[in-house]
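Take a look at the structure below.
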Amino acid sequence: MTPPLRDQVAAAIQDGLVRASKELGWPGVDGVPIEVERPANPEHGDYASNVALKLAKQARKPPREIAKAIRERVRIAPPIAAVEDLNGFVNVRLDERWLAAQVDEIVRAGPDFGRSKALAGKRMQVEFISANPTGPLTVANARGGPLGDVLSSVLEFAGATVEREYYVEDTGTQFDTFGRSIAIRYRQLHGEQIEIPADAYPAEYVKDIAAEIQARDGDKWMKLALEEQAKSFAALGVEWVLREAKRVTAMLGIRYDTWFSQAEMMRSGYFDKTLAELRKLGKVYDKDGAVWFEASEAVDDKEGWVVVRSNGEPGYLGKDIAYHVQSLRDRRFDKKIDIWGSNTHYHLIQMRAAMQALGLLEKFEVVLYQYVRFLHEGVLKRMGRRTGQFLLLEEVIEAVGKDATRYFFLQSSADRQLDFDLELAVQQSNENPVYYVQYAHARIASILRTAAERGMNADGAETALLTAKGELDLIRLVLRFPELVDDVRQHYGVHQLTTYALELAGAFHGFYRDHRVVDEADVARSKARLRLVQAVQVALRQTLGLLGVSAPDRM
RNA sequence: GGCCCGGUAGCUCAGUGGAUAGAGCGCUUGCCUACGAAGCAAGUUGUCGCGCGUUCGAGUCGCGCCCGGGUCACCA
C-alpha cells in the first residue's frame, strides 16, 4: 500500500490553512479542497498549491498574504523540507534524505507499489468489446479490449473487485440474419442455386462456418426449411464466433470472467420485470402497437424510443435497459462501466435517460472511444461486417505482436480517432514506443545481472548516498506512479500509463548515461544505485503490468 | 439541421484552470577500450483552427464561426 505522496503534502497544507484561518479569523475556508500539482518549473519546488489564489476572494485578502500565512504554519517534517510562497502559490520542497530513503520502501513494496484501498469493498463490472456475435473481431471492435482490460486492472489495483464481462447479444434481428446467412451458404454447398440477399453477411467467414457444419454433419440439416436451418445455425454460428473471440482476446492477453448471454438474460424474466417497473413509473407508453420509452424529458425533438416493437419482439434499447438493471440490482454491482464505440453515443443518451428514470444513473458509466478506421488500398475506410470490409484483429496481432498491438491502442486518448495502416504498423513496429520502454526494463535487468556476476548486490544499501540531482529526480518520477494510478481510477484515462512509461524509461536512460551503477571501486555507492535501479524496475514493471505489456529481462 | 469527438512542432500524439507548452518519430551534429548504442547529448521546427467572453491566470472553461470524423431506425 502506497498512499500517493501528494495526498500527504495536501494534508500538510490543509493543516496549515486550518490553523491560519483559526488564528487570523478567515471565514469558512476549512472545507476547501487543497489542490496540489507538480510544477513544471523546478524552481517552484516539488509540489505547488494554488489554494491562496482560490481563497483570495472569499477571505478578502490578497493571495500573497494568504500564501504567506499558510506557508508560515505548515509543519516542516519529512517528507516536507521547506515551504515557500511565491506569486500567491504555496510551494513545497521535499526532504532529500527522505526522498532517497523511499527507494527501500518502493523495492520492499514490489508488486504492491502503487496499490491502494481507495475502492476497497466496491464491486465493479467492466464490459468491453461485446461485439455483435456475428463474425470475427476486427480492429474496430478491438479498441475497447485494451481500454477495458487496463481499466479493469487499474480498478482492481485500487482495491475494487472487478468482473470483466463480454456481453453476447445472441437474440434479435442481427442474430437471425447471421443464421440465415450461414444457412444460405450451407445450401449452396449442397448445390442449391440460391442468391445471397442484400441484408445477409457477405464475408468469407460465413462460408467457413457453413463448411465446418457440413464437414461435421454432412447433409443432416438439408431436410429442414431455410428458416428452421437459420435458427439452428445462428446458435452454431455464435458458438463459432465466441470460440474465435476467446482465442483472439486471449492472444491479446485478455481473460474475461463472464461471457454473459442476452438470451439467458431474456429467459431470466428481467426484461418483463423491468418493463413493468418502467410502466409503473409512467416512463413507457403504448403507441402503434409498440411500447415506447418516454423521451421528451431527455431530448427535445423526440417523443419516445421503442422498447418493444409492434411485432412483439423486444427492441435493443429495451433489452439493454433490462441487462443493466440486472447487473446493478440482481448481480449487485456497485458500478457498471461500459466501454463503447462512439457510434453508440445516441444509445448512450437513451440509456442515461432510462437509468435516470430507474434511479441507477450514478452506478452507470461509459467510456466512449472514437472510431478506428483502416487503410485499404490507400483509402481510409470504416469497418463493417455487413459491408464485408474489415481488418481482423488477429492479423494485426500476428503481424506486430501482442505488446505492440496493445500499446498502439493505449497510446492515445479514447476521444481521439485512430487510423490503422497495417503495412505501416508492421514496418514501424520496431519504432513502436513500447520497445523503448521495454528496452529500459531489459537494460535494468542487465545491470542487475552484471552486478551479480561481479558479486555485488543492493543489500544494506545506504540510501543517503543518493544525493545527485539525476538520482533524486528519478526517485521523484518513480513516486509519481501511485498518484497516476489514483488519477486513472478516477478519470479512466488509461492512456496516461503509456505516457508515464515513456517518461520513466527516458529518465532512466538519461540517468544511466550520467551515473555509473556497478563500480567495484566504490561498493557503497554501487549498492545505493543498485537499490535505485531496482526501484525504477519496480515502477516500470508495475506500469507495464497494468498495461498488460510484458516486461522482458532480455530482448 | 440537433447532439458527440477531434483540430497543439514536418508526421503521430501527451498536456486533471496555473508560473517559461512537451514527448516519440523525422532532420543536423557528436558519443560504444566502464554496467545493453533497440540507447544518450546538443541543435531544429509552434498565430495551441479563428474570434469574442469568464477569470488574478485560458491550449484547458463558456458562446459564435471554420475544417475533419461520428451519430440521430419498430438494426444492434
Side-chain angles (χ1 to χ4, degrees), chain A residues 35 37 39-41 43-44 48-50 53-54 56-57 62-63 86-89 91 131-132 134 169 171-175 177 199 262 287-292 299-302 305-313 315-317 319-320 341-349 368-371 373 380 382 386 411-419 424 428 430-433 435-436 438-440 442-451 453-454 456 487 490-491 493 495-496 498-500 502-503 505-506 508-521 526 529-530 533 554-555:
Chain A
E35 292 174 35
E37 58 160 20
N41 185 341
E43 285 174 24
H44 299 147
S49 178
N50 59 5
L53 291 149
K54 294 279 190 211
K57 197 165 278 179
L86 181 65
N87 303 333
F89 287 91
N91 295 335
N132 243 324
T134 55
E169 296 176 29
T171 70
T173 309
Q174 296 305 321
F175 174 73
T177 303
D199 67 343
Q262 186 176 62
K287 188 181 144 196
D288 305 332
V291 182
W292 300 68
V299 181
D300 291 341
D301 60 339
K302 203 80 184 174
W305 303 303
V306 168
V307 289
V308 181
R309 297 193 269 156
S310 54
N311 64 4
E313 291 289 321
Y316 174 63
L317 175 61
K319 286 184 281 188
D320 216 30
S342 63
N343 56 333
T344 64
H345 109 264
Y346 191 74
H347 180 64
L348 172 56
I349 292 170
L368 275 194
Y369 61 85
Q370 293 298 307
Y371 223 79
R373 297 181 300 179
L380 275 173
R382 285 199 49 189
R386 295 180 225 184
Q411 268 182 97
S412 45
S413 121
D415 286 337
R416 191 174 282 270
Q417 190 167 82
L418 286 182
D419 293 327
L424 198 66
Q428 292 191 339
N430 282 330
E431 290 165 14
N432 189 311
Y435 298 108
Y436 181 84
Q438 290 180 319
Y439 182 72
R443 197 179 220 182
I444 288 171
S446 170
I447 292 169
L448 297 175
R449 278 196 301 271
T450 301
E453 282 162 18
R454 299 186 192 172
M456 269 195 253
D487 287 340
Q490 291 184 74
H491 305 296
H495 68 284
Q496 291 179 320
T498 60
T499 310
Y500 175 74
L502 212 54
E503 201 178 338
F508 177 75
H509 288 313
F511 161 82
Y512 173 82
R513 172 199 164 95
D514 296 335
H515 304 278
R516 182 165 172 71
V517 177
V518 181
D519 183 0
E520 279 107 329
S526 296
R529 287 185 176 159
L530 281 168
V533 167
R554 298 173 203 271
M555 53 192 291

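All heavy atoms count here, side chains included; hydrogens, waters and symmetry mates do not. On a predicted model such as this, the values are computed, not experimentally measured, just so you know. Order of the sequence lines fixes the chain letters, A, B, ..., with proteins taken first and strands second; residue numbering starts at 1 for each chain.
Summary of the strand contacts: A:A451 and A:K287 both lie near RNA chain B, and taking for each the nucleotide with the nearest heavy atom, the more 5' one is attributed to A:A451.
Within 4.0 Å of A:T173, counting heavy atoms only, lie sugar-phosphate atoms of the nucleic acid but no base atom. Base contact: A:S310 has a heavy atom under 4.0 Å from a base atom. A:S413 comes within 4.0 angstrom of the backbone, heavy atoms only, and of no base. As judged by a 4.0 angstrom heavy-atom cut-off over every strand, A:D199 is placed among residues making no nucleic acid contact.
The heavy-atom pair separating A:Y371 from A:Q417 by the smallest distance is O-CG, 3.2 Å.
If you measure from atom CG of A:L348 to atom C1' of B:C5, you get 13 Å, rounded to the nearest angstrom. In this structure, CG of A:L368 is placed 12 Å from C1' of B:C3, rounded to the nearest angstrom. For the pair A:D415 CG and B:C5 P, the computed distance is 7 Å after rounding to whole Å.
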I'd like to compare against my own output: the B/S/- annotation of nucleotides 66-72 of chain B with a strict under-4.0 Å heavy-atom distance to protein. ---BBSS
If the sugar-phosphate is the primed atoms plus P, OP1 and OP2 and the base is the rest, what is the B/S/- string for nucleotides 17-24 of chain B, using protein heavy atoms under 4.0 Å? -BBB--S-
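Partners of A:R529 under the salt bridge (Lys or Arg N to Asp or Glu O under 4.0 Å) rule, at least two apart in sequence or in another chain, are A:E471. With sequence neighbours excluded, no residue forms a ring-ring contact (aromatic ring centres under 6.0 Å, His included) with A:H44. Listed by chain and number, the residues in a salt bridge (Lys or Arg N to Asp or Glu O under 4.0 Å) with A:E503 are A:R480 (sequence neighbours excluded).
Contact check, A:R309 against B:A76: a side-chain N or O comes under 4.0 Å of OP1 or OP2. Contact between the side-chain N/O atoms of A:H515 and the OP1/OP2 oxygens of B:C35 is not found at any separation under 4.0 Å.
The gap from the P atom of B:C75 to that of B:G70 amounts to 23 Å, rounded to the nearest Å.
Within the 4.5 Å cutoff, no side-chain heavy atoms of A:Y316 are placed close to those of A:T173.
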Return one dot-bracket line describing RNA chain B 5' to 3' (Watson-Crick or G-U wobble pairs, both distances under 3.5 Å; ( ) same strand, [ ] crossing, | another strand, . none). ((((((((.[[[[.)..(...]]]]((((((.......))))))....[[[[[..)....]]]]])))))))....
